[in-house]
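Right, one structure below, let's go through it.
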Number of protein chains: 2
Amino acid sequence: MNDARPPQGAQAALRAVRLLKRFSIERPEMSLAELSKASGLNKTTTHRLLRALQSEALIDRNPATGAYCLGAGLMALGVQALASSDLRRRVRPVLRALARDSGETATLEVPVEDSMLILDEVAGRHVVGAAGNIGTRWPMHATSTGKAYLAFDDGCLERLSDKLHPLTPKTLTQREDFQAQIVDIRRRGFAMTVDELEDGFAAVATVIRGPLGDVQGALSIGGPTQRMDAARRAELGSVLCHAAMRLNPRF
Amino acid sequence: MNDARPPQGAQAALRAVRLLKRFSIERPEMSLAELSKASGLNKTTTHRLLRALQSEALIDRNPATGAYCLGAGLMALGVQALASSDLRRRVRPVLRALARDSGETATLEVPVEDSMLILDEVAGRHVVGAAGNIGTRWPMHATSTGKAYLAFDDGCLERLSDKLHPLTPKTLTQREDFQAQIVDIRRRGFAMTVDELEDGFAAVATVIRGPLGDVQGALSIGGPTQRMDAARRAELGSVLCHAAMRLNPRF
DNA sequence: CTGCGATGTTTCATATTATGGCACGAAGCG
DNA sequence: CGCTTCGTGCCATAATATGAAACATCGCAG
């Protein structure tokens, strides 16, 4: 999880970024008034910021309705970010090996705020290069990778929001239960989710460390819960730990 | 091509965005000093903006070197932009049909500044869903889609930079030659590139219009120049025009 | 046709906010 | 060890962003 407290003297930039983040799958288009109200900004200010973003192609408008939406420039930047990810390049072959050997789907994820973002993905059997979920995010507290982060990245756990909202009946929502699992994870070396993120889905995960011991990302292997009994999870967990170890430049 | 002149009173936001855009494939990581010099901003100002961007996860830092790079938050936003693109959803089936019928690769592109950005892509034969180029950009003056835009979007041509830099020996670099082609394109209804973008690659393209007659994007079909003689280009051109017509909600 | 209520847009005086010169501490290098 | 170059913090200045209010459009209903 990244630190960096909000700095002084760049509020306009911050507000602009926050405006961009207000868009979601459910609300891909918003009117000026909506955006203004939702972000608590003055209508004029909102308008000015949107204009600036539009001039840089990060914001676009529906020519028919005049509604604001995310622009094509963001796509370009996003792809740029993806392409220049050194981590992704380095881990890619490992991901492929994991998917091949286990037959399940392997992912590389990084934290973004309270979520884990899928940076890369290799599906197990069937579809080979399918990367349909790259760029999507899942709540940190319900994913195996998120738990791994929380357990192994210093100070990460403290920053976790107290609101652990349930995604399934099995999702952990009590801080104490969570804390207990974290202890297990630290001892075991890898984390897991069983039906906590989505019913019928289970995964194991561990973190990747850089040369300085810093946590750079998390690896996971996941599939249908039926194929993921305790024994299989343990086996995949150790495979994962081995892979993560070999990714550390110190070894 | 989008209008929207740079507004007043949002310079901080503009500067922040411009900082993000300074990163490229060649320079995925930059130091504070480099960024500061390259963007002409004061070192302190640059630092403050980067901090703000980092706190929103749009900027990340290499923990070993301290160098700045694009952050994971940008990926999330980019994917968001892609997913919420109504145009893409609408055109997707048409793209598939074009690729299937022609056997060549079909793309949907939109303008971003002086480039055309690939919003969606369906490959012809072999690899079916391969979308390896989504999000990449090509100079407007050397692509078939770019030429289509320049010919059919009002005021677009005037905004074209005077600097037409060559990508191959065949790239048009003289404004007069270009102007002449534009006339042809307008009459013909579709544009083409033959070895102008990359040697051995040819494509035809036309624009998609919205209900108000506004240009929303451009479609292209492209492949190896050998398979793309004049007769084939004419045939594919009319196929393309037909597809574009059917995409217009008025018909 | 007319008035109402909503939208997006522009203007402008105000003071909040961003700015950049300067200085400091820490690495990296000769 | 001194020199350079890096990222970072401080602070007075003024340039910049801000938000109230007014304007311009549009769709809708009386």
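Each chain gets a letter, A, B and so on, in the order its sequence line appears, and its residues count up from 1.
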In whole Å, I'd like the distance from the [atom1] atom of [X] to the [atom2] atom of [N].
| X | N | atom1 | atom2 | result |
| --- | --- | --- | --- | --- |
| L35(A) | dG8(C) | CG | C1' | 13 Å |
| Q54(A) | dG8(C) | CD | C1' | 12 Å |
| N62(B) | dC6(D) | CG | P | 16 Å |
| L32(B) | dT5(D) | CG | C1' | 11 Å |
| L14(A) | dA18(C) | CG | C1' | 13 Å |

Would you say the side chains of R90(A) and Q216(A) form a donor-acceptor pair under 3.5 Å?
yes
Ignoring hydrogens and geometry beyond distance, is a side-chain donor-acceptor pair present between T107(B) and E109(B) at under 3.5 Å?
yes
Please evaluate residues R137(A) and E113(A) with respect to the criterion salt bridge (charged side-chain N to carboxylate O under 4.0 Å, His left out), reporting the C-alpha separation (whole Å), side-chain torsions for both, the decisive distance (0.1 Å), and the verdict.
CA-CA 10 Å; R137(A) 297 158 62 167; E113(A) 280 144 29; 3.5 Å; yes
Do the rings of F178(B) and H141(B) sit parallel, tilted or perpendicular, given the 30° and 60° boundaries?
tilted
Taking atom P in both dC11(D) and dA15(D), what distance in whole Å separates the two?
22 Å
For D214(A), all residues meeting salt bridge (Lys or Arg N to Asp or Glu O under 4.0 Å), sequence neighbours excluded:
none
Looking at R61(B), does any N or O in its side chain come under 4.0 Å of the phosphate oxygens OP1/OP2 on dG7(D)?
no
Would one find a side-chain N or O of H47(B) under 4.0 angstrom from OP1 or OP2 of dT8(D)?
yes
On DNA chain C, does the nearest nucleotide to A33(A) precede the nearest nucleotide to A13(A) from the 5' side, or the other way round? Give the residue.
A33(A)
With the criterion being N/O to N/O and under 3.5 Å, what pairs connect the protein with nucleotides 18-21 of chain D, and how long is each?
residue	atom	partner	partner atom	Å
dT18(D)	OP1	Q11(A)	OE1	3.4
dT18(D)	OP1	R15(A)	NH1	2.8
dT18(D)	OP2	R48(A)	NH1	3.0
dG19(D)	OP2	T45(A)	OG1	2.7
dA20(D)	OP2	N42(A)	ND2	3.1
dA20(D)	N6	T44(A)	OG1	3.0

Ion pair E121(A)/R92(A), N-O distance below 4.0 Å
no
